[in-house]
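Labels below follow one simple rule: chain letters A, B, ... track the order of the sequence lines, proteins then strands, and each chain is numbered from 1.
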Amino acid sequence: MIVSKLFKKTLLIIIVLFAVIALTTLFSSGWNLYQDLTQEYKSKGTAIARSIAGSSVDTLLNRDVSTVQAMIDQFTEIIGVSYVFVVDAQGELISHTFIPNVPAEILNLQTSRNVEPTDIFIKGRGDFIDISAPIVEGAVGYVHVGMDKGIIMAQLKAAMIRQMYLLSLIFIASVAAAYVLVNRVSQPLNNLTEYSRKLAQHEFTAQVEIHSKDEVGLLAHTMQSMAIELSEVFERYELALKDAIIELQNTLAYLTTVIDHMADGLLVLDIDGIITHVNPALSAMFGMRESDLMGKSCRDIFGDDLAEIVFRSRHDPKAVFTTEIALAESRTGKAVATGIQQEYFPLEGTEKGIGSVVIIRDITSEKEVDRMKTDFISTVSHELRTPLTAVKGFTEIIKMKLEEDILKLVQIHDRKSEKAIMRVRDNITIILSESERLTKLIDDLLDIAKLESGKVEWKTEPVSMAEVISRAQDATSALFEKKGLVFTKTIDDSLPELSGDSDKLMQVVINLLSNAVKFTPAGFVTCAARRSNGEVVVSVIDSGIGISEGNQASIFEKFKQAGDTLTDKPRGTGLGLPICRQIIEHHGGRIWVESRPGKGSVFSFALPLSKVEHAELSASKP
Amino acid sequence: MPKVLIVEDEPLIRLLLEQTLEGLESCGVEVCAADNGIDAVEKIKAERPELVLLDVMMPKMNGFEVCSIVKQQLQLKEVYIIMLTAKGQEQDRLKAIEAGTDEFITKPFSIVEVADRVKAVLKIRM
């Protein structure tokens, strides 16, 4: 049987309290009883002594000792009276009830004139109260009566035992009552404790059977309603959690599927360059199993080139780094590495690099296509140029032979022959100029193809724009002379040097100048160069036919010469300006046109000064 | 008698070059031709021409190889080589310089330019 702690405590308190009360009452009542009994015996003894003294005067005066003896013997039969003796005035023992002899302690009392009760102890007989009464004021003698204290004690003991029985009964009764009472209180508390323990283990369906209307009942009721609310809250949270988990799993599954179905290889590395994730495409690219890659060092598996860009991506997370990498089966891949940053890092308030992600794309076929394109360009270049060289060369020879050998010998007799010779001469000139144009077209086509495919090898050298313009002027002077146009140039004296490819930039200026000449029937062409806001701006200004606004936007696109090619006589390849744009944009600059039909055009390009030069120039400016 | 060797696999271009240099024959210049690199090396070894007009793209052995065999392997420094490179093929020019060419003319060339260059090299005045 489990005794509740509350009951144990109550029991302890009851015992202590009861013991204190019981002992106190026991002692006080015992003491009182003792006092009462002693008093009673004393008065009883006194009465006996006085009665003996009264009735024994005559007898004593007559010295009738046997009568006295008989009388005192009678009194010894009274309960409590232990002994009686009579002494005469001289203290001589006249008669007594001691059997077989008078104890020594009595002899001290024989001569005493004290009539106050005296406690004496007689060896072998016990404690007594000696009460004496004088006979005729002591003139005849004294009567001593010994009251037995043992009887008092015995009575006292009996009374005490009775009281203890009673107290024990009361104790048992009160314990039983306390048990019942405590149980009545503690049982609901125990139930409540058990209930709250179940609640703590999320057993919200548990029931508690307490219907009392006291505090415990109230508490139980409150707990129950709390449990209901809690279970509802938990249920809601559990549902929300389940939904969130499902959503998370779906998202994760979706992401995993996406990553697994990527055509590109995905490689995720931690901050130490250890592989933490790969997708099947990547494993397949390198012909390795995922398990062979996970947890390995990037450098060990993929070599120094990839490790290098991974390293750099970690240190510059905003930038993208690429490299080529050899794949399995002698294929080639292009690896693109970027740093991964944990975007939200509330404790430090800054972004923190946590690794790198590398995308690897199989570019074998692209490279093959690229190679084929390059081959195609050089093949076309050769295959087209060879017949063109023949056409042009033989035409030149024909022209030469015609002029030098044939026409000298032929006599021009009539207008018809003269006209025919003129026609042949003109036609040969047309063949020559058209083959020139075709040559130029092939050159431009190759140029633009190479620019677009990034096959051009760019030089990086200090470029003086004044010198470039001067060289372009020399190269185009024949055109100006032929058309009778005036060329002027206005170039800032302190034009800073640029960094770039001077030959390519000269190609641009030549192109713009020859265009200006081409579209300017009469007037002037000016080339201006100036510095403006960290840039060098070069403009070619003409007083030519101009370009309509609608055409201005498209002239930098391939084969988009202004005007209708079907009705207007085409005067170029339509590739000059696109080539210019490619070259200028490669230098980080821009090219544009401002024009009004009939008034002329201004073609300008701006090239940025390098940062160092810009800073130096700005600093040296007053 | 100065000799000029034309090395060109395209018959028409070879013919064109031959015709271009025809006028020099009156000045005592002997013009001969080869249509591939191997033949060219043989002819250079055998005939020791003063000048070689050397095309780049040829079957069997290209112009760069011919040039480097002549200039570096055979140490025939006195043979003046003009390579005919395609315009816009900058790498070809670099390769030609590496191979040891004396100069180059870009295709498509003007026959007047070719004739002038040949005359200048052979120091012929007409």
Checklist entry - Considering all heavy atoms of both residues, which atom of Glu396(A) and which atom of Phe109(B) are nearest to each other, and what is their separation? => result OE2-O, 4.4 Å
Checklist entry - How many angstroms lie between CG in Asp55(B) and OG1 in Thr389(A), if you round to the nearest 0.5 Å? => result 9.5 Å
Item to check | Closest non-hydrogen atom pair, Ile13(B) against Ala390(A) | outcome: CD1-N, 3.6 Å
Next on the checklist: Counting heavy-atom pairs closer than 4.5 Å to chain B, which one of Leu388(A), Thr439(A), Ile397(A) comes out on top?
Outcome noted: Ile397(A)
Checklist entry - By a 4.5 Å heavy-atom criterion (distance strictly below it), what part of Leu15(B) contacts chain A: side chain, backbone, both, or neither? => result both
Checklist entry - Does NZ belonging to Lys43(B) count more than 12 external heavy atoms closer than 6.0 Å? => result yes
Checklist entry - How many angstroms lie between OG1 in Thr395(A) and CG in Leu16(B), if you round to the nearest 0.5 Å? => result 9.0 Å
Checklist entry - In this structure, are over 12 heavy atoms from other groups packed under 6.0 Å from Lys334(A) atom NZ? => result no
Checklist entry - Does Lys401(A) reach the side chain of Gln19(B), with side-chain heavy atoms less than 4.5 Å apart? => result no
Checklist entry - Given that the side chain runs from C-beta out, which part of Val112(B) has a heavy atom under 4.5 Å from chain A: side chain, backbone, both or neither? => result both
Next on the checklist: So, taking the atom named OG1 in Thr20(B) and the one named CE in Met400(A), what distance separates them when rounded to the nearest 0.5 Å?
Outcome noted: 7.0 Å
Item to check | chain A contact via Glu8(B) - which portion, at a heavy-atom distance below 4.5 Å | outcome: neither
